[in-house]
S.K.: 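My structure is below; once you've seen it, I'll send some questions.
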Amino acid sequence: MFGFMLFLHLAGLVIWLGSLFAIMIMLIMLNKQLGSLESNTLAQRIIRTFSRFAHPSAVFVLISGILMIIQMGMGSGKPLWLEVMEKGGGTIILLGLIFTGILGSKVKKRLSIPGEAHHVKLSGYMFAISTVIVLTLSVVLVVSLKI
């Protein structure tokens, strides 16, 4: 059972980070063309499509991580890397889901307004995505090195 949970955890992590990275790269490439109906529609579709992969896979990472920690049954004598994975990773996932979800919805709404399409700033959304990616990779580094 632990092996299957580890698989779900790693698969969810790969899909989650890959989706966030894909949103970021595609929107960076599309940013200069925003303002036309086609570009704005494409940007909305990119956010919607990849968010459909990113958010559920982040939930898989969270749930499988919780189940693996419960199965380990280490109690209060956990090593630092496990504490970082448990508390830091869980916090990053929850805050990442909240911020990318809210900011993504706001960006999609602004992209759908014809008059404001030229003034849509993606910087806040892009900053949130890049922060989640960097923080998640830092947790992965600490866990991988078992510091």
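What you see below is based on every heavy atom in this structure, not just the backbone, and it leaves out hydrogens, waters and symmetry mates.
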S.K.: Would you give the length of the straight line joining atom OG of Ser19 to atom CD1 of Ile46, rounded to the nearest 0.5 angstrom?
M.R.: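 Between Ser19 OG and Ile46 CD1, I get 12.5 Å after rounding to 0.5 Å.
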S.K.: Nearest 0.5 Å, what's the CD1-CG distance between Ile113 and Asn40?
M.R.: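 Reported to 0.5 Å precision, the distance equals 10.5 Å.
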S.K.: Evaluate Met72 against Phe2 for side chain to side chain contact (heavy atoms under 4.5 Å, CB included), listing each step before the verdict.
M.R.: CA-CA 9 Å; Met72 288 174 150; Phe2 187 84; 4.1 Å; yes
S.K.: Give, for atom CZ of Phe99 and atom OG1 of Thr131, the distance between the pair rounded to the nearest 0.5 Å.
M.R.: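 Between atom CZ of Phe99 and atom OG1 of Thr131 there are 10.0 Å.
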S.K.: CG/Leu122 to CD1/Ile47 distance, rounded to the nearest 0.5 angstrom?
M.R.: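 Separation between the atoms: 6.5 Å.
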S.K.: Does the side chain of Met1 come within less than 4.5 Å of Leu67's, by heavy atoms?
M.R.: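 When only atoms from C-beta onward are counted, Met1 and Leu67 do not touch, as no gap falls below 4.5 Å.
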S.K.: Could you point out which residue of Lys32, Met26, Met24 forms a side-chain contact (heavy atoms from CB on, under 4.5 Å) with Ile28?
M.R.: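 Exactly one pass, corresponding to Met24.
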S.K.: Taking all atoms of both residues into account, what is the closest heavy-atom pair of Gly88 and Val139, and its distance?
M.R.: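 Heavy atoms of Gly88 and Val139 come nearest at C-CG2, 4.4 Å.
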S.K.: What are the two closest non-hydrogen atoms of Gly12 and Val61, and how far apart are they?
M.R.: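 Smallest heavy-atom distance, with atoms named: C-CG2, 3.2 Å.
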S.K.: Measure the shortest side-chain to side-chain distance between Gln44 and Ser112 over non-hydrogen atoms and say whether it is less than 4.5 angstrom.
M.R.: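 In short, these two side chains touch, coming nearer than 4.5 Å.
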S.K.: Indicate yes or no: at least one non-hydrogen side-chain atom of Val59 is less than 4.5 angstrom from one of Pro56.
M.R.: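 Of all side-chain heavy-atom pairs linking Pro56 with Val59, none is under 4.5 Å.
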S.K.: If you measure from CG on Leu62 to CD1 on Ile93, what distance do you get to the nearest 0.5 Å?
M.R.: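 Reported to 0.5 Å precision, the distance equals 5.0 Å.
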S.K.: What I'd like to find out is whether the side chain of Leu20 reaches to under 4.5 Å of the side chain of Phe50, using heavy atoms alone.
M.R.: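 No, side chains not in contact.
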S.K.: Should we count CZ of Phe4 as having more than 12 external heavy atoms under 6.0 Å?
M.R.: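 Counting neighbours around CZ of Phe4, 12 or fewer heavy atoms of other residues, nucleotides or ligands fall under 6.0 Å, so no.
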S.K.: Would you compute the distance between atom CE of Met68 and atom NE2 of His9 and round it to the nearest 0.5 angstrom?
M.R.: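 NE2 of His9 is found 4.0 Å from CE of Met68.
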S.K.: Taking the side chain as every heavy atom from C-beta outward, state whether His55 and Thr100 have any pair of such atoms under 4.5 Å apart.
M.R.: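 Yes; the side chains approach each other to less than 4.5 Å.
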